[in-house]
J.: 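To start, I am sharing the structure in question, which I have written as structure tokens.
All chains are named by letter (A, B, ...) in the order of the sequence lines, taking the proteins before the strands, and each is independently numbered beginning at 1.
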There are 2 protein chains.
Amino acid sequence: MERQSFASAANVSERLAQPPALAISTVIFALRPSESSGRPTLWLPLVRRIREPFKGLWALPGGPLTRADSLQDAAARNLQDTTGLAPSYLEQLYAFGGLHRSPSQRVVSIVYWAMVQSAEAAMARESENVKWFRADGLDALAFDHRQIVDYALWRLRNKMTYGSIAYHLLGEKFTLAQVREVYEAVLDRTVDPANFRRQLKQTAHIEATDEYLQGGKHRPPRLYRYTGATSEYFPATNPPSPNA
Amino acid sequence: MERQSFASAANVSERLAQPPALAISTVIFALRPSESSGRPTLWLPLVRRIREPFKGLWALPGGPLTRADSLQDAAARNLQDTTGLAPSYLEQLYAFGGLHRSPSQRVVSIVYWAMVQSAEAAMARESENVKWFRADGLDALAFDHRQIVDYALWRLRNKMTYGSIAYHLLGEKFTLAQVREVYEAVLDRTVDPANFRRQLKQTAHIEATDEYLQGGKHRPPRLYRYTGATSEYFPATNPPSPNA
DNA sequence: ATCAGTTGTAGTCAAAGTGACTTTAACTAA
DNA sequence: TTAGTTAAAGTCACTTTGACTACAACTGAT
């Protein structure tokens, strides 16, 4: 057996013997007008890696869990540090712990997914190493982050179909058409306006305001307000809260 | 300031500075006949703690992530080691990472939940330090494990209402009435037999066999077989698999 | 052998929900 | 004023759901 290969084999068992590192990452979704159609579409911010594993590639914002934060606070801090924004929704996505996610040391990543309101997302800071991308059709990312984003997208679509998540991508006041546009952007299909309106009013976590959105070349639509948990984010589930 | 309290304050910041420990725990559900009514109810195995944090109290099977296992394999090993059984379903529940879950060191627990078939659960080994309990009405457990169990129960009920999980608690062949009993045990309400049958046959991941269950004092019911993923467990979701 | 009791299985019916569509109201731009 | 556009409400057929009834098939006791 050659000395070199023996050494690397020893390295493998060595690094697997030491305790895995713990990291927090966050998938951040926001609505932005697509360049082409102008219709709102899903975007997310990524950061460019400046160190060696996958240096130069884009990756999810995150890092090792160093501070004395709860997992959720650490995820919110990711968001704050990279975009300067506060989440309007934040939920744990999954803990990824495969043995070979990172080439050097074993890393277990606890990943959160977040939504920020479109108004705030418009003023998110970008830089050389922080850029926003369309959520669909991403290129290869660092580590397994591409698959993580796909999984987050699937979860987002799932929650959207029977839930009240859509409002967290909008501002405080919105028209029903805007809510419908969110559904259409996320689920990627058209929705009948009339039926959509009817269902929303039943399931209703919204209330009508007295205001109307002026300035269009049509009949001005009424503005609504979300009456569930407002701007604060809250844990994944209604009943027993797994936040600890 | 007294010396004692100064020392303990130093300890607090010290232990929060060192990296958190990583543990895997597993909530294991199985169906067992209740002592009183004889109807099947939900049970789960717990292990008695023999060391000091919460010594003597009951806790979820698990421990630090030491081996070079994937997270899911580590959870399956928990199950194997404490009960001698293999899971028929295994899925990640949540990552709990609160700062004060464990009194001494900070511990981040990645918790899985599993289901084992009732036939096998009947021959699960018990001992002085491993006992089965009814899933509802548990006493105080070690750490935050009581809340974790409650959350797992909620997830189980949720999956049950629109999913094909029930079969994993039964054997290979089963009557429709047995499936209904699973639903009634987990959801804790009665279900109309006729309507239940109708819905199962539509959503159908089952097929009828030619066999009938003899021996009762009634018309013998037909045996069915599950046609989805059989005894092997599979990841949480259909579309993108987060297993890594 | 017959009958009561129990459970499996199929069918009926009304109420509620859903998808496709039509109609009317309210506004802007020419 | 008129054409064009969108908001908002209503209609209608179809499907799904829950409660219930009826019948079939078996066991065990009389």
J.: Can the ring centroids of A/W43 and A/F133 be said to lie less than 6.0 angstrom from one another?
T.: no
J.: Take atom CG of B/D192 and atom P of C/dT12, then tell me their distance rounded to the nearest Å.
T.: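 After rounding, the reported distance stands at 16 Å.
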J.: When we call it a touch if two heavy atoms are under 4.0 Å apart, what does A/A194 touch: a base, just sugar-phosphate, or nothing?
T.: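 It contacts base atoms.
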J.: With a cut-off of less than 4.0 Å, is there a side-chain N or O of B/K201 near OP1 or OP2 of C/dT9?
T.: no
J.: Of the nucleotides C/dA20, D/dA25, C/dT9, which one has an atom closest to the side chain of B/P193?
T.: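 Nearest to the side chain of B/P193 among the choices is C/dT9.
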J.: What about B/R198: does its side chain form a donor-acceptor pair under 3.5 Å with the base of D/dG18?
T.: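 Under the 3.5 Å cut-off, the side chain and the base do form a donor-acceptor pair.
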J.: May I have the distance from B/Y183 (atom OH) to D/dG18 (atom C1'), rounded to whole angstrom?
T.: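 Checked: the OH to C1' distance equals 17 Å.
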J.: Quick check on the 6.0 Å ring-centre criterion: do A/Y167 and A/H205 meet it?
T.: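 Judged by ring-centre distance (under 6.0 Å), A/Y167 and A/H205 do not meet the cut-off.
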J.: D/dT27 C1' sits how many Å from B/Y212 OH, rounded?
T.: 17 Å
J.: Indicate whether OP1 or OP2 belonging to D/dT16 is found under 4.0 Å from a side-chain N or O atom of B/Q202.
T.: no
J.: A/R197 side chain: which of D/dG10, C/dG11, D/dA7 is closest?
T.: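 Nearest listed nucleotide: D/dA7.
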J.: Go through the structure and list residues passing side chain to side chain contact (heavy atoms under 4.5 Å, CB included) with A/R198, not counting sequence neighbours.
T.: A/N195, A/Q202
J.: Please report the distance, rounded to the nearest Å, between OH in B/Y224 and C1' in C/dT9.
T.: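 These atoms are roughly 8 Å apart.
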J.: Take atom CD of A/E181 and atom C1' of D/dT6, then tell me their distance rounded to the nearest Å.
T.: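 Value for this atom pair: 12 Å.
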J.: Can you figure out which of D/dA9, D/dC20, C/dA20 approaches the side chain of A/N195 most closely?
T.: C/dA20
J.: Mind calculating the distance between CG (A/L213) and P (D/dT6) to the nearest angstrom?
T.: 14 Å
J.: Can you confirm whether the side chains of A/R125 and A/T83 place a donor and an acceptor under 3.5 Å from each other?
T.: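 No, no side-chain donor-acceptor pair sits under 3.5 Å.
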J.: Rounded to whole angstrom units, what separation is found between the CZ atom of B/F196 and the P atom of C/dT7?
T.: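 Going from B/F196 (CZ) to C/dT7 (P), I get 17 Å.
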J.: Which whole-number value in Å describes the distance from B/R180 CZ to C/dG8 P?
T.: 6 Å
J.: Show, in sequence, the C-alpha distance, side-chain angles and deciding distance for B/E211 and B/R222, and conclude whether the salt bridge (Lys or Arg N to Asp or Glu O under 4.0 Å) test is met.
T.: CA-CA 6 Å; B/E211 302 169 65; B/R222 181 186 287 271; over 6 Å; no
